[in-house]
Enquirer: 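For reference, the structure I am asking about is given below.
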Amino acid sequence: MAAPSTQKQYRLERSGSSGPFTLKLVDAPVRAPGAHEVLVRVHAASLNRRDIFLIKGQYPVGDRRSLVPLSDGAGEVVEVGPQVTRFKVGDRVSAIFFQKWLSGRPAPDTPGTALGGQVDGMLQQYATLNEQGLVALPKSLSYEEGATLPCAGVTAWNGLVTRGHMRRGDYVLLEGTGGVSVFGLQFAVAAGAKPIITSSSDEKLSRARALGAVGVVNYKKHPKWEEQVREITGGAGVQQVLEVGGTDTLPHALASLGSGAHVALIGGLSSFGGNIPVMQLMGSNATVSGIYVGSRENFEAMNAFIEQHHVKPVVDKVFELKDAQAAFDTMESDRFFGKIVIRL
Ligand SMILES: NC(=O)c1ccc[n+]([C@@H]2O[C@H](COP(=O)([O-])OP(=O)(O)OC[C@H]3O[C@@H](n4cnc5c(N)ncnc54)[C@H](OP(=O)(O)O)[C@@H]3O)[C@@H](O)[C@H]2O)c1
């Protein structure tokens, strides 16, 4: 079936080149694919904390005044350009976060190729993308599930597997029950590791236990939560950390480390920052990695693992196209577990 000439598209708009944006639903043209491009009918898109920072004007997007938000989306290829070799009409695909980071080390211009930031993103019914900027969706996943993978999934994967070299039996510390942490929990369970997760909510901790967490700690009830984490590990400390909390959590996470641990520095839910306790890290022979999502190669390795281990992303809420603002509001409220999706 031929693609229509117009579509429903969400844009973030602001009057100046800095400050907060407003979310608007518009009718926009559908752009036909060029020689190496494919046209994707986007069926679902997913939110990340980045999108909340962005709408508030707290995430760098240069001086852009108008952009299509959300890095994460999944859909079906409906048209291909004449030189396209990687995909055909009917393929189920997901876009990669950095459109030009395919493998190996990132290039200096990689950050400028992120969807839903410097480059228009996935909160639209049709996206025209270079064929290199897509991966095949795992067959076992729906579009809603597949839409959750590009940012949170790949980040958790790289933190634990590509950079952390997580092993069976490792204690894995996860902070809060948002997107990155719940993927971390699921990957750890699938790999035979032992996830310990924190949350402000006992109800969310019960859900985490049901997914396979071996230890849970309410960080509101236990402000020095490293004591509980250490106790769960029999005093030895953890081997892996996905550090997403930032300034408030970093000191507690570092106090939870066992010998030879790996810390993936990922986020700043409380604010980005913290000091480097050189003696503490050196004394425990720790490895610290900065993680900024990852490449297409990383995404494909993760997808193979997801298929092999039957990992099902946790989609907490699915909103319809007209309710995108409510999806942003829900994300900001923290009243969710795992991922939030918008159906398009
Ligand atoms: N470097 C990268 O490539 C990369 C990629 C993805 C995300 N990030 C960053 O990583 C962080 C997490 O992103 P996300 O999308 O997974 O977030 P998210 O889904 O929005 O996570 C929200 C959850 O985080 C928990 N949380 C909030 N404040 C907390 C705190 N002070 N201490 C512990 N937990 C807290 C809460 O869990 P409970 O309700 O259970 O308490 C909340 O529900 C963000 O800072 C994001 O910008 C970075």
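What you are looking at is a predicted structure, and each value in this text was computed from that prediction instead of being measured. Every number for a ligand or one of its atoms is a count from 1 in the order of the listing.
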Enquirer: Show your reasoning for whether salt bridge (Lys or Arg N to Asp or Glu O under 4.0 Å) applies to Asp316 and Arg207.
Expert: CA-CA 11 Å; Asp316 188 73; Arg207 289 181 74 175; 2.8 Å; yes
Enquirer: Using the rule given for side chain to side chain donor-acceptor pair (under 3.5 Å), can you reason through Glu307 versus Asn303, listing the C-alpha separation, both sets of side-chain angles and the distance that settles it, and then say yes or no?
Expert: CA-CA 6 Å; Glu307 291 219 79; Asn303 282 351; over 6 Å; no
Enquirer: Can you spot which of Lys204, Arg49, Lys220 makes a salt bridge (Lys or Arg N to Asp or Glu O under 4.0 Å) with Asp334?
Expert: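 When Lys204, Arg49, Lys220 are each tested with Asp334, the salt bridge (Lys or Arg N to Asp or Glu O under 4.0 Å) holds only for Arg49.
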Enquirer: Nearest heavy atom to atom 4 (C) of ligand 1 wins, so pick from Ile266, Ile52, Asp334.
Expert: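 Ranked by closest heavy atom to atom 4 (C) of ligand 1, first place is Ile266.
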Enquirer: Does the side chain of Met302 come within less than 4.5 Å of Thr162's, by heavy atoms?
Expert: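 No, too far: nothing below the 4.5 Å cut-off.
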Enquirer: Between Arg207, Arg49, Glu332, flag the one that comes closest to atom 44 (C) of ligand 1 by a heavy atom.
Expert: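 Looking at heavy atoms only, the winner is Arg49.
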Enquirer: For Glu76, does its backbone N or O pair with a side-chain atom of Arg92 as donor and acceptor, under 3.5 Å?
Expert: no
Enquirer: With a heavy-atom distance limit of 4.0 Å, tell me whether Lys339 approaches ligand 1 through its side chain, its backbone, both, or neither.
Expert: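 Under 4.0 Å from ligand 1, Lys339 contributes no heavy atoms.
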Enquirer: Using a 4.0 Å heavy-atom cut-off, say whether Thr155 meets ligand 1 through its side chain, its backbone, both or neither.
Expert: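 Just the side chain.
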Enquirer: Can Lys8 and Asp27 be counted as an ion pair, charged N to O under 4.0 angstrom?
Expert: yes
Enquirer: Considering only heavy atoms, does Ser181 approach ligand 1 within less than 4.0 Å through its side chain, its backbone, both, or neither?
Expert: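 None of Ser181 does.
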Enquirer: Side chain, backbone, both or neither: which part of Ile291 comes within less than 4.0 Å of ligand 1 when only heavy atoms are counted?
Expert: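 Looking at Ile291 and ligand 1, just backbone atoms fall under 4.0 Å.
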Enquirer: Name the option, out of Pro150, Ala264, Gly178, that contains the heavy atom nearest to atom 21 (O) of ligand 1.
Expert: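 Answer by nearest heavy atom: Gly178.
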Enquirer: Could you work out, for atom 35 (C) of ligand 1, the closest of Tyr219, Phe337, Phe272 by heavy-atom distance?
Expert: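 Shortest heavy-atom distance from atom 35 (C) of ligand 1: Tyr219.
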Enquirer: Among all protein non-hydrogen atoms, which one is nearest to atom 19 (O) of ligand 1, and what is the separation to 0.1 Å?
Expert: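 Here the closest protein heavy atom is Gly179 N, 2.8 Å.
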Enquirer: Flag the pair Asp120 and Arg11 as a salt bridge only when some basic side-chain nitrogen lies within less than 4.0 angstrom of an acidic carboxylate oxygen.
Expert: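 Result for this pair is yes, salt bridge flagged.
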Enquirer: Using heavy atoms and a threshold below 4.0 Å, how should the contact between Phe53 and ligand 1 be classified: side chain, backbone, both, or neither?
Expert: side chain
